[in-house]
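Right, one structure below, let's go through it.
Values below: all heavy atoms of this structure, side chains included; hydrogens, waters and symmetry mates excluded.
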Amino acid sequence: MQNQKTLSRLLTAALVSLASVAAVSVHAAPPADATTKPAATGSATPAVPGATSAFADDAMITTKVKAALIEDKDVQSLKISVSTAKGVVLISGTVPSAAVAKRALKLAASVQGVKDVKSELKVEG
């Protein structure tokens, strides 16, 4: 039974992460008026070098933070939203106690690549 709960949580995290990556991919595309330069192979490259990899890095950080929050037996909350921009993680949502909020922030900060963690968590009650 415990394995089914864990699997269900991991699948939920994977689906949420997939949706995040899809949203990031849309935002990572250069605007229609962006100039492109032909690459050596004849294909076009984005006008802002590294922009796509920065979005991918943020998406990976978001995925890892969400997974850490779901896997932690003290937090285990799908009521917490996570977004990342330039390595800065924003956590929002509701939690049952200040201790859970503190634990969520600590988990997020422990993920590789996180530069800072901002909280918009609200304690229920």
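Residues V75 and L90 fall into different hydrophobic clusters, defined by Ile, Leu, Val, Met, Phe, Trp and Tyr side chains chained together at heavy-atom separations under 4.5 Å.
The structure places NZ of K66 at 8.5 Å from OG of S83, a figure rounded to the nearest 0.5 Å. A distance of 9.0 Å separates CG in D74 from OG in S97, rounded to the nearest 0.5 Å.
Sorted by first and then second residue, the salt bridge (Lys or Arg N to Asp or Glu O under 4.0 Å) pairs involving residues 96-114 (not counting sequence neighbours) are D72-R103. Residue pairs meeting the salt bridge (Lys or Arg N to Asp or Glu O under 4.0 Å) criterion with at least one partner in residues 109-122, sequence neighbours excluded, are D116-K118. Applying the salt bridge (Lys or Arg N to Asp or Glu O under 4.0 Å) test to pairs two or more places apart or on separate chains, none has a residue in residues 83-93.
In this view, S110 satisfies the side-chain contact (heavy atoms from CB on, under 4.5 Å) rule with no residue, not counting sequence neighbours. Taking the side-chain contact (heavy atoms from CB on, under 4.5 Å) definition, one finds that V95 meets it with I80, V100, A101, L121, V123, sequence neighbours left out. Contacts of Q112 classified as side-chain contact (heavy atoms from CB on, under 4.5 Å), with partners at least two apart in sequence or in another chain: none.
Of all the heavy atoms in A108 and V114, the pair that sits closest is O-CG2, 3.3 Å.
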Quick one: do V82 and L69 satisfy side chain to side chain contact (heavy atoms under 4.5 Å, CB included)? Show the steps, please.
CA-CA 10 Å; V82 179; L69 294 175; 3.8 Å; yes
Derivation and outcome, side chain to side chain contact (heavy atoms under 4.5 Å, CB included), residues V89 and I61:
CA-CA 8 Å; V89 174; I61 289 170; 3.7 Å; yes
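With a 4.5 Å cut-off on side-chain heavy atoms, I91 and L105 count as touching.
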